[in-house]
Amino acid sequence: MAFLARRVCNVARLPMRAGIIRAPIRCFSSSNALTKEDLEHSTGLERAELEAELKGETLFDRRGLVGPFGTRENPVVVPSSNSRRAVACTGGAGHDEHELLWFNLFEGHKHICPDCGQFFVLKRV
């Protein structure tokens, strides 16, 4: 825990019954710049994503899917590198829109949104 106190911007002394303790005070930066320490302390997919960001590439596309309403004959195709994926449905735009509804989508099965009746299918990429 002592190493954490050294990493924060400030350390305040707060009185306690048994004596003085040190409590970290968080310091927020105005920039979202990637630091060398961020890369050194990251592993796995997070590290791969940070390395891609340094190269100016995007590893994971976080934009939502936009397209026509999914029907039984023409469902919304959700790309995934896994056999299952968490998906959210908003129902569409305007008066067709409903609250965000999350569900799990599995490969080989069509899923129907219970609020709007939109069909979804998972496609492995």
Listing, residues 97-119 side-chain donor-acceptor contacts under 3.5 Å, not counting sequence neighbours, or none:
from, atom 1, to, atom 2, distance (Å)
His98, NE2, Gly91, N, 3.3
Glu107, OE1, Arg124, NH1, 3.3
Lys110, NZ, Arg72, O, 2.7
Gln118, OE1, Gly70, N, 3.0

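Heavy atoms only, all atoms of each residue included: Ser42 and Leu50 are closest at OG-CD1, 3.5 Å. Minimum interatomic distance between Leu122 and Ser83 (heavy atoms only, all atoms of both residues): CD2-O, 3.3 Å.
Following chains of ILVMFWY side-chain contacts shorter than 4.5 Å, one cannot reach Phe69 starting from Val76, and the two form parts of different hydrophobic clusters.
Salt-bridge annotation for Lys55 and Glu51: absent, with no side-chain N of the basic residue lying under 4.0 Å from a carboxylate O of the acidic one.
Taking the side chain to side chain donor-acceptor pair (under 3.5 Å) definition, one finds that Arg84 meets it with nothing, sequence neighbours left out.
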